Amino acid sequence: MDTPAITITNLIWSFDRTTQQVNLLLIKRAEAPFQNDWALPETVMRATESADDAALRLVREKIGLDLARFHTEQLATFTQPQRTPAAREVSLGYLTFLPTRPVLTPSYGAVAAKWFALTDLPVGLTLQAADLNFTLPDVPTAQAYYQLPRPETALAFDHDWLVQVAVTRIRNKLDYQPNILLILGESFTLKEARLVFATFLQQQLTDLDNSNFQKTHQHLLTEVGISSAQHPGRPAKVYRLNYL
């Protein structure tokens with residue numbers, strides 16, 4: 001029996017300061033299977049590297065950013081036999097948090113690359129870019145997901161399920177290890193942090209009071225100065241994650 005290939009599937013997150021939205025990188029596949037379908041970026045783990053190294057290499061090769069190791073973390077291992085239509089693959093899912101949002105250029109294996117905003121629509125959490133929309137599966141377990149018929153508008157492979165797992169992981173860690181805030185750069189305002197939290201909690205920004213947010217998350221944040229952004233009124237204080 002052939003040994004399954006081991007791939008790294010990287011969920012690469014960023015923040016668009018113009019639209020004030022959390023973004024996820026998707027690529028349009030150039031090759032079969034799922035040619036011309038949108039998917040998460042992947043790479044095959046090489047014999048000479050660890051999974052962590054492969055995840056960081058993918059970011060270097062696809063985006064041109066050389067990140068410190070704390071910008072990436074392993075999400076889960078996806079092993080279901082039916083997740084690929086051809087030769088079996090085991091995928092190690094990774095979360096990567098970019099401190100900047102670079103302009104994308106499609107690289108080998110992709111005909112297009114886009115940032116998709118994570119948006120809470122009436123149909124559920126959705127990845128949205130112009131007229132492209134991918135709604136995340138609303139199922140509680142992997143077993144339930146893999147028993148569903150694949151929608152025509154789904155991401156390639158089981159990547160919509162991987163995104164759902166990632167969103168749940170990030171949401172569950174918001175109050176003790178919110179690494180997702182790394183997408184805001186080295187420092188950020190409380191409003192920017194609240195915007196990110198609200199996205200994953202599927203709440204409105206106004207649901208997260210500024211004073212209460214600061215009080216309940218002060219064990220995670222250190223004040224480092226004031227914002228240089230030009231806005232009416234007093235400049236906002238800026239913070240960084242103090243556990244890194």
Side-chain angles (χ1 to χ4, degrees), residues 1-14 22-45 51-52 54-55 58-59 62 72-97 106-121 123-129 132-173 180 199-200 202:
M1 182 180 295
D2 293 337
T3 302
I6 299 176
T7 63
I8 304 297
T9 306
N10 211 333
L11 293 97
I12 301 173
W13 301 91
S14 70
V22 175
N23 284 193
L24 181 68
L25 173 60
L26 297 179
I27 58 102
K28 192 173 186 180
R29 290 176 55 84
E31 301 172 349
F34 299 106
Q35 186 176 18
N36 291 320
D37 280 8
W38 289 91
L40 296 164
E42 292 188 317
T43 189
V44 176
M45 188 172 70
D52 288 4
L58 187 153
V59 175
K62 303 291 186 185
T72 192
E73 64 182 74
Q74 191 169 152
L75 171 64
T77 303
F78 299 89
T79 62
Q80 285 77 5
Q82 65 269 43
R83 62 179 304 271
T84 54
R88 187 176 180 187
E89 291 184 358
V90 170
S91 182
L92 305 181
Y94 268 78
L95 303 174
T96 299
F97 311 110
S107 58
Y108 176 79
V111 296
K114 284 182 180 290
W115 291 113
F116 283 71
L118 183 63
T119 308
D120 188 17
L121 298 180
V123 293
L125 273 177
T126 300
L127 295 172
Q128 189 173 39
L132 295 169
N133 293 278
F134 299 101
T135 301
L136 303 188
D138 185 18
V139 291
T141 65
Q143 182 179 4
Y145 170 79
Y146 289 107
Q147 289 176 346
L148 294 173
R150 184 177 182 273
E152 291 185 7
T153 57
L155 298 177
F157 303 104
D158 54 355
H159 288 183
D160 51 352
W161 172 244
L162 271 66
V163 179
Q164 177 64 58
V165 173
V167 168
T168 302
R169 165 73 67 82
I170 292 169
R171 180 188 299 131
N172 290 342
K173 293 178 66 176
I180 184 64
T199 299
F200 288 92
Q202 294 178 260

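Residue numbers start at 1 and run along the sequence shown. Keep in mind that this is a model prediction, so the values were computed, not measured. Worth knowing before you read on, the calculation uses all heavy atoms, side chains too, and leaves out hydrogens, waters and symmetry mates.
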CG on Leu95 to OG1 on Thr9, rounded to 0.5 Å: 11.5 Å
Near-ring test Trp38/Phe116, centroid separation under 6.0 angstrom: yes
Nearest non-hydrogen partners of Gln80 and Ala142, listed with the distance: NE2-CB, 3.8 Å
Pairing residues for Phe157 by the ring-ring contact (aromatic ring centres under 6.0 Å, His included) criterion, not counting sequence neighbours: Phe34, His159
Separation between CD1 of Ile170 and CG of Leu75, rounded to the nearest 0.5 Å: 8.0 Å
Test item: Leu24 and Leu40 side chains (from C-beta on) under 4.5 Å apart, heavy atoms: yes
Which pairs would a plain distance check flag for residues 108-115, meaning a side-chain donor or acceptor within less than 3.5 Å of a matching protein atom at least two apart in sequence or in another chain?
unit_1	atom_1	unit_2	atom_2	d
Trp115	NE1	Pro102	O	3.0

Closest non-hydrogen atom pair between Leu155 and Arg150, with its separation: O-NH2, 2.8 Å
Approximate separation, where rounding is to 0.5 Å, of Phe200 CZ and Leu125 CG: 8.5 Å
Heavy-atom neighbours of Gln82 CD exceed 12 at 6.0 Å: yes
Side chains of Asn10 and Thr96, donor plus acceptor under 3.5 Å: yes
Over 12 foreign heavy atoms within 6.0 Å of CG, Asp138: no
Heavy-atom pair with the smallest gap, counting every atom of Ile12 and Val59: CD1-CG2, 4.1 Å
Heavy-atom pair with the smallest gap, counting every atom of Leu58 and Glu42: CD1-C, 3.4 Å
